[in-house]
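The block underneath contains the structure these notes are about, expressed in structure tokens.
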Protein chains: 2
Amino acid sequence: MEHTTEYKDLVNQNQDFLPGISIDCVIFGFHENQLKVLLIKFGNTQIYSLPGGFIYKEESLDEAANRILDHRTGIEDTYLEQFYIFGDPKRVNPEEHRWIMQKNGIDLPSDHFLFNRHITVGYYALVDFTKIQPHSYLNHEESGWFDIYDLPETIAFDHRDILTKALNSLRLLLDHKLAVFNLMPETFTMGELQSLYETILNKKLLRANFQRKMLSLGILERLDKKWGGGAHKAPYLYRFDSQKAEANKFSNQFEE
Amino acid sequence: MEHTTEYKDLVNQNQDFLPGISIDCVIFGFHENQLKVLLIKFGNTQIYSLPGGFIYKEESLDEAANRILDHRTGIEDTYLEQFYIFGDPKRVNPEEHRWIMQKNGIDLPSDHFLFNRHITVGYYALVDFTKIQPHSYLNHEESGWFDIYDLPETIAFDHRDILTKALNSLRLLLDHKLAVFNLMPETFTMGELQSLYETILNKKLLRANFQRKMLSLGILERLDKKWGGGAHKAPYLYRFDSQKAEANKFSNQFEE
DNA sequence: CCAAAAGTGTTTACAGTACACCCATGT
DNA sequence: ACATGGGTGTACTGTAAACACTTTTGG
């Protein structure tokens with residue numbers, strides 16, 4: 001088994017990390033009309049967790065979160081923002097954690113720093129699913145995408161709570177910022193965009209009104225028609241126009 | 001000079017605290033048409049800072065924030081919520097910090113834990129100004145209320161950034177929750193409530209429309225008239241009715 | 001009686017909702 | 001031709017904005 005840098009860091013109780021604090025990333029993607037999150041499955045278990053990591057002593061929280069995201073998805077610049085800090089002293093059961101690591105083939109002493117109390121900062125990332133190839137990590141068996149409404153049964157620690165909070169924060173984001181366009185590919189149809197909104201909000205929207213509202217924001221550029229697909233009228237393709245969005249900043253309720 | 005428990009904790013590098021993490025509280029109050037925040041002035045300086053503290057190893061972040069708030073204001077149950085985590089490694093200049101402590105009559109070695117990098121969790125509290133008597137602390141000369149729009153010139157560390165972020169978060173809160181009523185006394189006039197909204201948003205609102213909107217929420221109870229005051233019609237007093245608010249939870253956009 | 005503040009009414013405009021209609025295309 | 005999905009039009013509704021009017025009170 002080949003060990004990564006992180007593995008050595010763990011075993012050697014890397015002193016370059018800030019003690020007692022970690023980062024967990026909820027990485028959202030959108031694919032086939034499903035809102036997906038990236039989860040990691042620990043080796044030799046059926047237990048999933050959020051991708052996370054620690055903060056180097058000379059790095060900011062945002063830098064650490066970006067580094068962790070880059071490491072897991074290969075994406076360097078995307079929408080990434082903290083949404084909550086989780087600080088319950090019982091949020092992680094150290095016994096459960098140690099058991100998981102053992103199953104992973106990593107046998108750590110019970111006084112290892114990993115099993116101390118950690119506060120964790122929740123970040124969510126909105127990534128273009130089509131550009132992502134999840135990387136594997138340590139000797140975790142798998143890392144893969146899961147429908148947010150159909151998560152695995154066993155999720156480690158308080159990570160299910162973190163996922164719930166992240167989804168709630170994402171819903172609030174819809175009303176305030178244009179960041180959700182980071183979840184779309186470069187070009188998309190109005191139907192696909194509507195499907196994203198419906199999936200996040202978990203409710204149906206009226207097609208006609210959705211279209212009008214989106215176009216009225218003055219942030220979309222209409223391209224040539226897409227001809228593919230089925231027995232029906234071919235839809236236009238749209239592109240998110242960040243220039244227009246910037247220009248309309250003060251005429252709509254989005255951004256600050 | 002009499003020293004408090006906190007003083008001894010500091011000098012002895014209390015090991016019961018979580019290392020590397022702190023809490024800073026932005027305590028909002030409303031008085032004489034001004035949105036106030038509670039600041040602390042370090043002894044023998046003109047430097048102000050937010051009231052803050054550390055987290056005991058067995059306590060949650062929320063518990064720690066409540067404890068710190070209680071300690072500073074004597075209020076035990078009020079609206080208190082985290083709004084952001086500040087994690088820039090340069091957010092506090094340790095030299096500045098040590099200098100301030102020295103001026104305070106507390107001479108600590110430069111490798112004291114206080115001067116290590118700290119991540120800080122920002123909490124805001126919304127308190128009823130009429131019920132608060134700020135407590136003094138350590139040998140800080142003063143702790144007092146300041147108009148959020150007329151802060152002291154010298155504010156320590158990144159605490160001015162924290163204040164700005166807190167004010168922005170408070171403005172967002174106006175649209176989503178009814179928590180701002182915690183800033184009002186038990187009874188108040190519609191004009192006073194409008195003044196609170198205007199002060200937070202820093203813009204004028206139309207009296208007639210504000211009144212209609214507030215009443216339409218169905219969360220206010222109208223009491224007897226207030227007869228005091230000047231040469232004009234005496235206003236009604238209102239009381240925030242948390243029962244009504246609960247009942248109307250699903251008929252308006254507030255709360256979750 | 002008048003000024004000042006409080007409370008209510010009215011008009012208008014715009015945004016959200018629901019639904020109807022037309023368009024384009026592959027089978 | 002027709003079923004399917006895409007795009008537009010329109011009437012209805014509710015809320016928000018602006019402004020006018022009335023009420024109460026002290027001087």
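Here is the naming used below: chain letters follow the sequence lines, and residue numbers restart at 1 for every chain.
Ring pair B:Phe210/B:Tyr197 is perpendicular by interplanar angle, where above 60° counts as perpendicular and below 30° as parallel. A:Phe157 and A:Phe42 have perpendicular rings, their planes meeting at more than 60° on a 0 to 90° scale where under 30° would count as parallel.
For the pair B:Leu215 CG and D:dT15 P, the interatomic distance rounds to 14 Å; values are reported in whole Å. Between the CE atom of A:Met214 and the C1' atom of D:dG7 there is a distance of 16 Å, rounded to whole Å. For A:Leu193 and D:dG5, the CG to C1' distance is 16 Å, given to the nearest whole Å. The nearest whole Å value for the distance from the CG atom in A:Leu220 to the C1' atom in D:dG7 is 15 Å. Nucleotide D:dG5 holds its P atom 14 Å from the CD atom of A:Glu198, rounded to whole Å. What separates CG of B:Leu217 from P of D:dG14 is a distance of 17 Å, to the nearest Å. Going from atom CZ of A:Arg222 over to atom P of D:dG6 covers 13 Å, rounded to whole Å. Following rounding to the nearest Å, A:Phe188 (CZ) and D:dG5 (P) show an atom-to-atom distance of 21 Å.
Residue B:Tyr124 is tested with B:Val37, B:Ile27, B:Leu80, B:Leu173 for a side-chain contact (heavy atoms from CB on, under 4.5 Å); the sole match is B:Leu173.
Take A:Tyr123 and apply the ring-ring contact (aromatic ring centres under 6.0 Å, His included) test, not counting sequence neighbours, and it matches no residue.
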Full working for ring pair (Phe, Tyr, Trp, His ring centres under 6.0 Å) between B:Phe86 and B:Tyr84:
CA-CA 6 Å; B:Phe86 299 85; B:Tyr84 204 74; 5.2 Å; yes
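Using a 4.5 Å heavy-atom cutoff, the side chains of A:Val26 and A:Phe83 are in contact. In this structure, the side chains of B:Val127 and B:Leu183 stay at 4.5 Å or more apart for every pair of heavy atoms. A:Met190 places none of its side-chain heavy atoms less than 4.5 Å from the side chain of A:Tyr236.
Residues A:Tyr236 and B:Ser216 each lie close to DNA chain D; by heavy-atom proximity, the contact nearer the 5' end of the strand is made by A:Tyr236.
Of the residues in residues 205-212 of chain B, those with a non-hydrogen atom less than 4.0 angstrom from any atom of DNA chain C are B:Arg207, B:Ala208, B:Gln211, B:Arg212.
Close to D:dT15, at under 4.0 Å from its OP1 or OP2, lies no side-chain N or O of B:Lys213.
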Can you check nucleotides 2-4 of chain D for protein contacts, nitrogen or oxygen pairs under 3.5 Å, and list what you find?
| from | atom 1 | to | atom 2 | distance (Å) |
| --- | --- | --- | --- | --- |
| D:dT4 | O2 | A:Ala231 | O | 2.9 |

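Panel note: side chain B:Thr164, backbone B:Arg160; a donor-acceptor pair is recorded below 3.5 Å.
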